[in-house]
Chemist: 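Attaching a single structure in structure tokens format; questions to follow.
Letters A, B, ... are given to chains in the order of the sequence lines, protein chains preceding strands, and every chain is numbered from 1.
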Amino acid sequence: MASETGESIRPRRTYIPWDELPVERETVAGFGTVLPVVVLYTLIAVFPIVFAFWASLHDIHTLNPEWEWVGLANYAEVLNISTFWGSLWRGVVYMVGSTLIQLAVGLWMALVLNRITRGQKLLTAVVFTAYLIPTIIVSLVALRVFDPLGGVFQMYGAEWFGLWGAQEAPLGSRDWAMRLLILVGSWKFAVFVTIFTLAQLRAIPDRFYEAAKVCGANRWQMFRDITLPRLMGIVLVVVLLRSVFMFNKFDIIWQLTQGGPGNATTTLPVLAYKTVYTDQAYGLANAISIVMFLFLLASAIVYFKLFNPSEEVETTT
Amino acid sequence: MSQSEPPGGVFGLSYDDETRVIELLKLLSTAIIVLVGAWPIYWLTQLAFTDYETVEDAITYFPTPGIFTLDNFTVLTDPEMYTYMFNTVVVAIGTIVTVVIVSLIAGYGLARLEFPHKENFARILLVGYLFSPIVIGIPLYQIWRSIGLLGTRVGLIIALSAISMPFAVWLMWKYIMTIPEAHEEAAWVDGASRWRSFRDVVVPQCRPAIIAAALFAFALAWNDFTFAQILLPSTDTTTFAPGILRAMGQAQFLPDAYLMAVSLAMTLPPLLFAYFMQSYLLKGFQVRAL
Amino acid sequence: MTAIEIRNLTKVYEESGNDIVAVDDVDLTIEDGEFVTLVGPSGCGKTTTLRCVAGLNKPTSGTIRFGDRDVTDTPVQERNIALLFQDIALYPHMSVQENMAYGLKITGFSREERMARVREAAKLLQITDQLEKMPADLSGGQQQRVALGRSLVRDPEVFLFDEPMSDLDAKLKAELRPVVEKVTDEIGCPTLYVTHDQEEAMTMSDRVAVINDGELEQVAPPKEVYDEPSSQFVSQFIGQPSTQFFEGTVRAVNGTAELVVGNYEYDLAREGLEGWAGDDVRVGLRPQYITVSDDPETGIPATHLLDEPLGDATHSFFETEFGEIVVVTDPDFEGGGEEYGLVFQSESIQLFDDDSGVRIA
Amino acid sequence: MTAIEIRNLTKVYEESGNDIVAVDDVDLTIEDGEFVTLVGPSGCGKTTTLRCVAGLNKPTSGTIRFGDRDVTDTPVQERNIALLFQDIALYPHMSVQENMAYGLKITGFSREERMARVREAAKLLQITDQLEKMPADLSGGQQQRVALGRSLVRDPEVFLFDEPMSDLDAKLKAELRPVVEKVTDEIGCPTLYVTHDQEEAMTMSDRVAVINDGELEQVAPPKEVYDEPSSQFVSQFIGQPSTQFFEGTVRAVNGTAELVVGNYEYDLAREGLEGWAGDDVRVGLRPQYITVSDDPETGIPATHLLDEPLGDATHSFFETEFGEIVVVTDPDFEGGGEEYGLVFQSESIQLFDDDSGVRIA
Amino acid sequence: LGGSGGGDDEVHFITDYYNDSWEPLWGDLESEFEDETDTSLNIEEGGMSGTQEGRLAQLIQAGEPPDANTSTFDQVADIWETGQLETVNDVVSSIEEVNGEINTEAFLGEGDDIYQIPHGLYVSNFQYRADIYEQLGLDEPETFQDVLDNAQVIDESDEVDARGYGLAGMPTGKSQDEFLVLLSSAGVSGIGLRWSDPDAREELEVYFPEEEVTMVLQYMKDLAEYSPDPTSIGWAESLSQWVQGQYAQCYHLNAWPVGVTALTAEAQDNDALRGLAEATQVRAYPTWGEIDKDDNWLSAPAPDGYHVFSNGTNTAGAKEWFEWLYADSMERTVSFYEADPGRFLPTYSDVLGSDAFQNQDIFQAHPHLLEKLEYCQNEIWGNHYGSVDEANISSPESLYMQRQWFYGEMVNRVVTESMTIQEAYEWGRGELEDAFAAAQEQFG
Ligand SMILES: Nc1ncnc2c1ncn2[C@@H]1O[C@H](COP(=O)(O)OP(=O)(O)OP(=O)(O)O)[C@@H](O)[C@H]1O
Ligand SMILES: Nc1ncnc2c1ncn2[C@@H]1O[C@H](COP(=O)(O)OP(=O)(O)OP(=O)(O)O)[C@@H](O)[C@H]1O
Ligand SMILES: [Mg+2]
Ligand SMILES: [Mg+2]
């Protein structure tokens, strides 16, 4: 509608026939705002996944540009690889083990950090740093301290606790490699849980605890009935994220043990990596990746169905 | 008192004793956290200041005057090392800036504009995290080559921004929802355009979320190995993580103490980040619901 | 000269399939310089109406004119309005001064001019010494003053308020009311003030527009709305404590009408009751117009329940055959749980249609 | 039988080095079944006092007894109190029913008993049909009812309220007040009710304790606090609109005291003024006790500024030589900006010591 | 050649000849070459095993292979087999004019076609610390058992810090190489294949005798007892650990550890390291008890060198580059060996004896190092390789088998005790048969 009087006040912008478009102006603007994200996402996720799927249908020698169509044969082979089921199992062990430790330790650290009065800021910063430093540094330090030559933890384990022999390398031990990987990974990533839960803890108003105290609640009851329910939503989300990240974790395993000793720490990402660079079977490796992806997707869907982290109680503080 | 007396604290302690026990546990826990949490950082610090030959030979706990040295840090003056770290800083800053800008805009759109399917948007984004990046080297290489960003720091920045994006967008979206719309409306009433109100009113209030998203992006960029390895093959643009590995492979002899000195240099920026930004950070991470 | 003209304004929200008619065919004109309050219970459509006038919502149908300019489709930025919100909406990251100057900055005023205007407004609002502070350091009342100042400096064409004081306590409200009146007087433009607090509506307005469930019930000066409510809803909504209602019947006796409530008869020397003889009506009476007699035989027998002394008056609660009745009594009244008689002042009785709630007499 | 006895309660906060005396040597006894309101402006130490009684804060010195039990050092869990907050503190992840039953669950009651008690309380509070809802789905008033219910079911020894209604609007407040009184009556324990709203204090309490800057100014029944304030502070704080103050001098004339305010003289037939002849005093007068005369020559000449009609009364603002003066006038009064004379009702004038603010007469 | 420079015309060259001394050398050569020929070069560091293959894979799959790279021939067998390599006969012959004939019979291509410009040869051998031997009164080992006994003595001695043996157990190149050489030293074809008819030399068959293989595995497992964590030892680690004096005996190539120690000693001006370099002795790897050196199945040293890709963007430029590098002068050729002293035996017959080679600074400071290289060429290669005629099974199939990593994996499983020796043997045999079938399918 042309307004005769108001028109002259402001210069007209270039005319866009919004009203004639089949969609609302706001819809266009809305899609505009997320467009960069969509583009980036397509580049980094959609295209590679589609590519991986396409590649998984071919027999591809890593150093040969020729692709040979084999349909689903790679998938059949994945299930036949002698190490596949073992790697899947170890991957699950690694995922569950490290996620549980991270959850327990992360939550515990958050509870403590939330309550201490002196040095809180410094300690929080130090703890957060674990998450921020490059994995390679963590690996270097871990390699250093578990080295049978001059590694301080190796020495403690051997001489104080008798966990392994004096000359034995714990990271090269079948008994210890996986456990230590889980511990080292947990050391770095427990903080992820801490960051999120600490943030939520800070947001719980004191009055809830006071109201509970008035009712006669003790510490445990307050934790169970107030703290835990308030944290539940974020804990569910964090557990999901951490599980996914840990299942896909490659760098720290590769840097510390290369999947060894034997296959004791070969998880699916390590297997996929070896399949590419040792077995030169790129198509097969992609099939492994797609299987991993589907496995995680199915697990995530089940997880959502069971817990529905998005349906947590909306709360106003 | 009568039967209405409360049953008491945990394990049948009185409430006061319970408080005392909790205080004790807290002290103990703090001690453990200091030990376990700070220990590796302490360890790499003390090794970095210890004479490298001593580090190779013996277990030492503190760089006592006899073995204290600053020489290990000469490795930082090595032009390659310096280049790696410089590149890492550039990439980290670039990633943070990109992530923050793009996620702010997208978060604003999701929070304030009506358009179809936006509820599912973030969830679909998160699906991307389910895919292991182990085999994507080849497609990534091809994509980046075809858009002409291969081997440039900008290319790496874009890749890293893209993987930080789902999380950052989600964070920003939820955070902007907590800012009253009235603030923008007040600005419109004052004559501000949507863009202007976004810039003047929304963005400054998003500081905690911006810092939280920045932290996430920083952690990724600072840590990244895979993408740098694929996208920045040549030495003069490579970043720290692949660079240090390359240096370790190249120099047949690179003492651990030197590695620790470099590591310490790479640990300081995150430590400072965490120290000065933590309150904003925690506020930013207070958003809930997926 | 601007006046706000709202014509046939209707606003329908669509929410998960079903339509919510928030504003239903509202007609309202606010003259230049006039202060009109839109009052009504929660969810009745006040905010929606105001947002349509502001341009923050798009009317489903109807037009809005500022003077002779049709602004129905004009974006909010171009309407030159001032708007005060309930949640005060000061920008938390700007100082008081920056908050107040923001609109001027947008419009492109020079720094000096901005400062000059802000200082002038601050003087009027008595917040000169707060200019450097951040909003978080101010009390609620001070924040609302700043918000007022923000509007004041811009010299708007139209002034809109959406429950600006509902988060403040009684003392602050009373203090701020004259300030608001002073400011709107100063600017001299039409003002639409939305509130659910009838006291605010009564004390500040030139005219009060009572809205219920999206429809305007009455638009009139405060005293008229109080004394001559056009409907049961208005009568109940305006005035504190609320008008109390009883079931009654009109009876024609000797050519005049008589009202029967329970076993009690009241002579009503009123006109306009001719057609109502024999009909059931709703009887309304304000607690101010009931007298308490020590003799339970006089009027309606009542048992005293509770006193709420206010200092200059007391609200006394009684149990009667018609349920609980509140009476405004003397400051010194103390019921002490005794028996009393309640006498209705028949000249103050209001009659409403039993079905539609429309005022009969 | 329990009574709350607060003796010499002092609470000092240390904040970044300097001490803040929040509560200063307060003595207060609340008898069993008595409803005492602690009223005062923001920051005067109300909440601190209440939290000391609850056991959430530790007094710096002084003792608190419940009946013959010294609870000064008893943890809050063992005090068996009920406490209502301003920010309601319902657990957002529990339904209304679970919220109400939580205290009982902690205490170890069986499921049946819990349900029975909750249902009983819900009936009293008229929220029976809300039991299954989540707190977020309730209005503020309903939430506060639930919070009340949560306390009610536990049958506490002592009932404490910290501004439970300050977030509610006037109508809801008026509605909830009788409910609170009913509930505390039902439990029949001593009640300490903290508010900054003098109307709440006046209407609900058996006795009102006015606190200012950490010190108790007056503890007395509502009417006494209103009519016979013991200090200037109390006089100003209690009553709406506030008492207005002027500078005056006492003069002895013919054996009785005469008050001079500006050029005006008032005969005060009061006792206790003997020693004050020739001294400056502070003169207080409630707006209810000023009459407006049409004749500007009568009383203090005044220019009418503004009317705030309330329906059953009007607050009128006048400009005089003593500054702005508010007068409570007739509902029909309309000043129209004319000149008037204001007459002070001398028998209602209150006199206070100029320095200490203590009531003289 | 078009002198446009840069972009698609540049010569893209990936190399793992890259360390602190190579780097500046490449830098100088690059600019010199660019100045002289107007062809621009892009020299990229390939990184150690794994990374270079990854990089190659990316480039090949992306359809833009590099123009050249470095590696042993077996590692590019797949690339060669799929026709992606260019013959380099012309380049090689012009280099031979300056540096002498190629002195290896190793597989560099089929028939008259050569697909590798050789740089150096890897001769496998045994290295030990003479100073420690002397200190503990040990003798040079003749058999596996001697090595093991020495390892035990050294390990158990309180006088020396060093461990008895550095056994590679990382499931990659070094453990594989070590295993194959041990197998040869036990008188068995290293790669697990032999001619079904040694005279006809037409068809290969699997030959993986249980007794010998399990014996070698048992030996490695025993050695692991005296070794620092084997799973952390590969090529790179073995060198740095040697420099750090972490063990007294090991399997290695040429005089590589001596060279690295000497280089580090000079760089740090460290006398202790000079002593260590001096004390490092090289000799042929001891054999299994009853195996004579003439029964040793070592056939030919592994050739390392450059490969040119036929579908690179500037194949001609690459060839020009290598010609420029090696066929220019003996001095320049020598400079490449200088960058990595002790690692390679030159593949060209005139180099080792040339003045330019012998006068390198590092040899002036460490005459011992030159001695060791000469010893490798003359004594070990001369007397311990090629003793068994039928051991030469050079063929595409055997090449293919070379780059199967299951041998390394097998060793890893044994030393980490993830499998018993018997299990490992059976597993390895299964892998071997599968791989051989695949090789036959591909090349047959
Ligand atoms: N954005 C919206 N979408 C759907 N329905 C809405 C929306 N905004 C308001 N409504 C509905 O429209 C009706 C009128 O709402 P409005 O906010 O105008 O009421 P109000 O009179 O301002 O109430 P209050 O006193 O609570 O502010 C309500 O029933 C409300 O639920
Ligand atoms: N935890 C604390 N630390 C330091 N000072 C405090 C603390 N709590 C309260 N104070 C100070 O003590 C004084 C009394 O505070 P209190 O909360 O008791 O006031 P109040 O009367 O309840 O006020 P309001 O009406 O605002 O709730 C104030 O000056 C306040 O700033
Ligand atoms: Mg509203
Ligand atoms: Mg308080």
Chemist: Less than 4.0 Å between a side-chain N and a carboxylate O, is that true for D:D332 and C:K223?
Modeler: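 The answer is yes: the pair qualifies as a salt bridge.
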Chemist: Side chains of D:S316 and D:D307: donor-acceptor distance under 3.5 Å anywhere?
Modeler: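 D:S316 vs D:D307: donor-acceptor pair found between side chains.
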Chemist: I'd like to know if the side chain of C:Q350 pairs up with that of C:S235 as donor and acceptor (distance under 3.5 Å, no hydrogens or angles considered).
Modeler: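 Yes, because at least one side-chain N or O of C:Q350 sits under 3.5 Å from a partner of the opposite role on C:S235.
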Chemist: Name the option with the most non-hydrogen atom pairs under 4.5 Å to chain D; the candidates are C:P222, C:P178, C:S205.
Modeler: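 Result: the option with the highest number of such pairs is C:P178.
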Chemist: Measure distances from D:E181 to the heavy atoms of chain C and classify the residue's part below 4.5 Å as side chain, backbone, both or neither.
Modeler: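 Only the side chain of D:E181 comes within 4.5 Å of chain C.
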Chemist: With the threshold set at 4.0 Å, does a side-chain nitrogen-carboxylate oxygen contact exist between C:R177 and C:E200?
Modeler: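 Salt bridge absent between C:R177 and C:E200.
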Chemist: Counting the benzene-type ring for Trp, do D:Y289 and D:F344 have ring centres under 6.0 Å apart?
Modeler: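 No; D:F344 has its ring centre 6.0 Å or more from that of D:Y289.
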Chemist: Identify which part of D:P241 has an atom lying under 4.5 Å from any heavy atom of chain C, answering side chain, backbone, both or neither.
Modeler: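 Neither; nothing under 4.5 Å.
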Chemist: Could you tell me whether D:R359 and D:E228 make a salt bridge, using a distance below 4.0 angstrom between a side-chain N and a carboxylate O?
Modeler: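 Here D:R359 pairs with D:E228 in a salt bridge, since their nearest N and O are under 4.0 Å apart.
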Chemist: Where on D:S242 is there a heavy atom nearer than 4.5 Å to chain C: the side chain, the backbone, both, or neither?
Modeler: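 Just its side chain gets close to chain C.
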Chemist: So what's closer than 4.5 Å to chain C heavy atoms on D:D197: side chain, backbone, both or neither?
Modeler: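 Neither part, no heavy atoms under 4.5 Å.
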Chemist: Would you mind checking which part of D:L310 comes under 4.5 Å of any heavy atom in chain C, side chain (CB onward), backbone (N, CA, C, O), both or neither?
Modeler: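 For D:L310, the contact with chain C is made by backbone and side chain together.
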Chemist: So what's closer than 4.5 Å to chain C heavy atoms on D:P309: side chain, backbone, both or neither?
Modeler: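 Interface part for D:P309: both.
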